[in-house]
Structure formats: C-alpha cells, structure tokens
Amino acid sequence: MANAASGMAVHDECKLKFQELKAKRSHRFIVFKIEEQQIVVGKVGGSSESYDDFQASLPADECRYAVYDFDFVTNENCQKSKIFFIAWSPENARVRMKMVYASSKDRFKRELDGIQFELQATDPSEMSMDIVKEKSHLSY
C-alpha cells in the first residue's frame, strides 16, 4: 500500500519479519530503509544479538526506521518484552532524506501492529539503553 503523504509503499517482507519478531521472537531487531520509493528490510538481527549490535547496524549518515524487542525482568521477577519503534535521523543525513523519512514514519508505524514505544533519535545518546529502560518504566 502506498503512503498518501509520501508515496512510499511498504514491502510485504517488512510486515512478515515484524510478525516473526513479535509472535515467534525469532529476531531481536529489524532495520528498515527506503529504497526506490518503498520501505524494505535492511537488516535483521538474530535473537542473540545485543543492543550494541543493533546500534552498530544504524548508519552514521543515513536515516532508518527500526524495531527492537527489549527483554527485561520486572521487580516482581516476571519476564517481559516491549517492542520499540525507532526513527533514526542522524544530524549529518541529507535534508531530503530526513524529509522523506519524517513524512513516511507515521503511516509505516501503523503497518506494524504491536509497537509499544517510540524513540526518535538524531544521535546514539538519544537512544541509549538507559533511555530504553526508562521508557519501559524499569528500575534497575
């Protein structure tokens, strides 16, 4: 389906991989990119990959969307998981690229049913593990 605001189509693989992350827990993260007027899967991180691995997969000079499955244990000792949507728009990305990603974000996010939190980051410090924990209402 095309996005009315930006004309972006969402490749079926994006939704398929997201469902695998959400339901089967077979991926830790997915990085999406816009290529030839459609949103496609750029990288899939295996379930054993870390948050550092995820951050390292985001380019320093190009925008991306990503989802990250954050596992944690509550104060009551219950295993939980929260799915984060991250809009990565680094300061030194091209202005046109930033505009295209910004105009397509909300529509794309609606395609991924089950997102619990959203982060927008222009710098790695804006999506640090501490921020992810804080957003998840965790106290370690």
Side-chain angles (χ1 to χ4, degrees):
M1 274 190 254
N3 178 335
S6 67
M8 285 304 134
V10 177
H11 194 280
D12 289 340
E13 186 187 18
C14 296
K15 292 180 257 187
L16 176 70
K17 292 294 181 195
F18 179 74
Q19 287 302 322
E20 290 173 0
L21 177 142
K22 187 173 88 169
K24 297 179 185 171
R25 318 272 329 248
S26 50
H27 313 303
R28 174 65 55 209
F29 64 85
I30 308 167
V31 177
F32 304 97
K33 62 183 178 178
I34 295 176
E35 212 172 63
E36 298 176 13
Q37 295 297 305
Q38 72 173 342
I39 300 170
V40 298
V41 172
K43 177 174 174 40
V44 176
S47 58
S48 63
E49 292 198 49
S50 70
Y51 195 72
D52 289 338
D53 296 329
F54 163 64
Q55 285 187 304
S57 70
L58 297 172
D61 59 352
E62 291 183 12
C63 299
R64 294 290 187 268
Y65 303 122
V67 290
Y68 184 82
D69 186 11
F70 177 57
D71 289 330
F72 61 95
V73 178
T74 66
N75 293 336
E76 295 80 32
N77 208 27
C78 295
Q79 185 71 37
K80 296 267 186 178
S81 170
K82 299 285 182 188
I83 298 175
F84 280 77
F85 179 88
I86 296 154
W88 173 245
S89 184
E91 295 281 340
N92 53 349
R94 293 188 324 267
V95 173
R96 170 91 177 115
M97 178 181 279
K98 289 181 190 183
M99 290 172 51
V100 168
Y101 273 79
S103 68
S104 304
K105 178 183 68 110
D106 288 338
R107 172 72 169 75
F108 178 54
K109 201 172 91 170
R110 282 195 299 273
E111 294 279 336
L112 306 178
D113 185 41
I115 300 289
Q116 290 147 317
F117 296 101
E118 178 180 343
L119 290 175
Q120 295 189 37
T122 59
D123 178 85
S125 67
E126 295 175 350
M127 52 181 268
S128 68
M129 180 52 79
D130 288 340
I131 291 172
V132 169
K133 288 176 183 177
E134 183 182 305
K135 279 266 200 186
S136 300
H137 306 301
L138 296 179
S139 53
Y140 283 108

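- Residues Pro59 and Pro90 share a closest heavy-atom pair of O-CG, 4.1 Å.
- The main-chain N or O of Tyr101 is never found under 3.5 Å from a side-chain atom of Ser104 such that the two would form a donor-acceptor pair.
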Do Ser136 and Lys80 pass the side chain to side chain contact (heavy atoms under 4.5 Å, CB included) test, and can you show the C-alpha distance, the side-chain angles, and the key distance before you say yes or no?
CA-CA 10 Å; Ser136 300; Lys80 296 267 186 178; over 6 Å; no
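- A single hydrophobic cluster is not seen to contain both Leu16 and Ile115; linkage of ILVMFWY side chains at heavy-atom distances under 4.5 Å, directly or through other members, places them apart.
- Heavy atoms of other residues, nucleotides or ligands lying less than 6.0 angstrom from CE of Met129 number more than 12.
- Asp69 and Ile83 make their closest contact through OD1-CG1, 4.2 Å (heavy atoms, listed as atom of the first residue, atom of the second, distance).
- Of all non-hydrogen atoms in Lys33 and Gly42, the two that sit nearest each other are CE-CA, 4.2 Å.
- The neighbour count for Asp113 CG, taken as heavy atoms of other residues, nucleotides or ligands under 6.0 Å away, does not exceed 12.
- Partners of Arg94 under the salt bridge (Lys or Arg N to Asp or Glu O under 4.0 Å) rule, at least two apart in sequence or in another chain, do not exist in this structure.
- Between Glu118 and Lys109, at least one side-chain N (NZ, or NE/NH1/NH2) sits under 4.0 Å from a carboxylate O, which counts as a salt bridge.
- In this structure, Glu49 contributes its side chain and Gly46 its backbone to a donor-acceptor pair below 3.5 Å.
- Side chains of Ser128 and Asp130: a donor-acceptor N/O pair is absent below 3.5 angstrom, by distance only.
- Met127 contributes atom CE, which lies 11.0 Å from atom OG1 of Thr122 (distance to the nearest 0.5 angstrom).
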Step by step, work out the side chain to side chain contact (heavy atoms under 4.5 Å, CB included) result for Gln37 and Met8.
CA-CA 5 Å; Gln37 295 297 305; Met8 285 304 134; 3.4 Å; yes
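- Minimum heavy-atom separation, Lys135 to Leu119: CE-CD2, 3.5 Å.
- Residues Phe29 and Ser57 come closest through the heavy atom pair CE1-OG, 3.6 Å.
- Remark: side-chain polar atoms of Trp88 are not paired, donor with acceptor, to backbone N or O of Gln55 under 3.5 angstrom.
- Side-chain contact between Gln120 and Lys105: present, with at least one pair of heavy atoms (C-beta onward) separated by less than 4.5 Å.
- Between Tyr68 and the options Phe32, Phe18, Tyr51, a ring pair (Phe, Tyr, Trp, His ring centres under 6.0 Å) holds for only Tyr51.
- Residue His11 holds its NE2 atom at 11.5 Å from NZ of Lys17, rounded to the nearest 0.5 Å.
- Summarising the geometry of Cys14 relative to Ile39, their closest heavy-atom pair is SG-O, 3.2 Å, with the distance given to 0.1 Å.
- Hydrophobic clustering of Ile, Leu, Val, Met, Phe, Trp and Tyr side chains at less than 4.5 Å, counting indirect connections, keeps Val40 apart from Met97.
- Cluster annotation: Met99 is not connected to Ile34 through the hydrophobic network of ILVMFWY side chains, with a link wherever side-chain heavy atoms come within less than 4.5 Å.
- A salt bridge links Asp71 with Arg28: at least one charged nitrogen is closer than 4.0 Å to a carboxylate oxygen.
- For the ring pair (Phe, Tyr, Trp, His ring centres under 6.0 Å) criterion with Phe85, the lone passing option out of Tyr65, Phe117, Phe70 is Tyr65.
- Atom CD of residue Gln38 and atom CG of residue Asp12 lie 9.0 Å apart, to the nearest 0.5 angstrom.
- The CZ atom of Arg107 lies 6.5 Å from the CZ atom of Arg110; values are rounded to the nearest 0.5 Å.
- Donor-acceptor pairing under 3.5 Å is recorded for the side chains of His27 and Glu20.
- Distance check: Ile30 CD1 to Arg64 CZ gives 14.5 Å after rounding to the nearest 0.5 Å.
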Stepwise side chain to side chain contact (heavy atoms under 4.5 Å, CB included) test for Lys82 and Val132
CA-CA 10 Å; Lys82 299 285 182 188; Val132 169; over 6 Å; no
